[in-house]
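Note that ligands are numbered from 1 as they come in the structure, with each ligand's atoms numbered from 1 the same way. Note that this is a predicted model, so its numbers are computed, not measured.
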Amino acid sequence: MLLQVLGTAAGGGIPQWNCACPGCSGARAHPGRRRLHASLAVRADEGRWYLVNATPDLGDQIEDHPVLHPGPRPRQTPVAGVVLTDAELDHTLGIWRLREADRLEILATAPVRQAVDHRLRLGPVLTPYTTLTWRELRCPGTQPLLGDTGGPAGSGLLVSAVPVSGKRPRYAVDAPADDAWVVALRLYEPATGRTVLYAPAVAAWSDALHQAAAEADCVILDGTFWDEEEPRSAGISPRTATGMGHLPIDGPGGTARILATLPARCLYTHLNNTNPLVDPAAPQHKRLARLGLEVAEDGMVIEL
Ligand code: MLT
Ligand code: MN
Ligand code: ZN
């Protein structure tokens with residue numbers, strides 16, 4: 001299985017355009033500390049890739065990764081579609097940038113599709129530009145990642161949506177409750193038996209998520225905030241990390257203690273610009289390393 005890490009920042013990116021916090025200022029002074037919005041590209045088949053979430057940085061993310069470049073025909077692209085883990089703006093705004101596509105496939109759970117298609121009006125706005133095809137990401141459920149299974153049955157990657165939380169985006173707080181607003185993606189390759197779990201937004205550690213994490217070879221997890229008080233101490237929100245829909249890394253309710261017990265290779269992504277980990281010299285990196293945990297970096301290739 002082959003994954004390219006296209007970005008590792010939470011909403012706003014690092015630096016965030018209107019932010020002069022130490023993390024953002026540090027990234028302005030040291031361009032190597034910049035992080036694009038969290039996203040992955042997953043190879044579904046030879047020369048066919050799915051983007052996991054479509055961020056506002058999507059144009060640069062495609063240019064940064066030659067495997068996603070078009071060719072050999074002038075408008076031939078290896079980007080087959082987009083899989084959404086949720087309907088948050090930082091994970092969906094990039095879809096509009098793909099409007100030049102001949103066709104575009106989007107996999108999403110029912111509530112996420114409803115929000116993006118109707119509240120954000122993706123369908124009505126993009127239909128004059130391209131042919132959008134929605135495929136339901138069944139939750140729970142397992143399905144081939146490639147919709148038009150060209151190859152022999154069972155040869156391609158399988159994707160499962162693991163329910164994580166019912167947290168709705170701010171623009172859809174009044175939408176109906178549903179367990180599938182936020183999911184983790186489990187990507188399984190039958191040919192190698194390898195499994196990756198991608199969960200960039202984790203508001204609660206459910207039994208289903210724990211089981212999926214315990215069975216995975218690689219877990220890429222929500223690392224938005226280092227600790228529970230960070231949003232308040234950084235002055236960006238009156239809420240706690242968990243209150244903002246992101247379990248913190250550190251502390252009694254944090255995810256580091258859980259990840260450290262798993263056999264998988266574990267990496268944190270979706271780092272907020274207030275997270276001390278955005279400074280490569282921060283002592284928190286050593287704390288994670290002692291637990292055997294990693295921080296994902298933009299441009300990382302993960303091969304399993
Ligand atoms: C989140 O991850 O909680 C959201 O992306 C926050 C936001 O930018 O609205
Ligand atoms: Mn986000
Ligand atoms: Zn900042």
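Under the 6.0 Å cut-off for aromatic ring centres, His246 and His270 qualify, their centroids lying closer than that.
Of the heavy atoms in Lys167, only side-chain atoms (C-beta onward) come closer than 4.0 Å to ligand 1.
Comparing Glu88, His270, Arg170, Met244 against atom 4 (C) of ligand 1, the shortest heavy-atom distance belongs to Glu88.
Thr85 pairs with exactly one of Val182, Asn53, Leu40 by the side-chain contact (heavy atoms from CB on, under 4.5 Å) rule, that one being Asn53.
The Mn ion (ligand 2) lies under 2.8 Å from an N, O or S atom belonging to His270. The distance from the Mn ion (ligand 2) to the nearest N/O/S atom of Glu88 is not under 2.8 Å.
Remark: Arg48 is not positioned above the aromatic ring of Tyr50, lacking an NZ or CZ atom under 6.0 angstrom from the ring centre and at most 45 degrees off the axis.
Counting just the N/O/S atoms of Asp90, the one with the shortest distance to the Mn ion (ligand 2) is named OD2.
Close contacts of ligand 1 with Asp90, meaning ligand atoms under 4.0 Å from a residue heavy atom, involve 5 (O). Residue His246 approaches ligand 1 through these ligand atoms, each under 4.0 Å from one of its heavy atoms: 1 (C), 2 (O), 3 (O).
Between Cys19 atom SG and Cys24 atom SG, the angle centred on the Zn ion (ligand 3) amounts to 120° (nearest 10°).
If you check the side chains of Glu297 and Thr8, you find no donor sitting under 3.5 Å from an acceptor.
Look at Asp174 and Arg119 and you find a salt bridge, because one of the NZ, NE, NH1 or NH2 atoms lies within 4.0 Å of a carboxylate O, short of that distance. Residues Arg287 and Asp250 are paired through a salt bridge, judged by an N-O separation under 4.0 Å between the basic side chain and the carboxylate.
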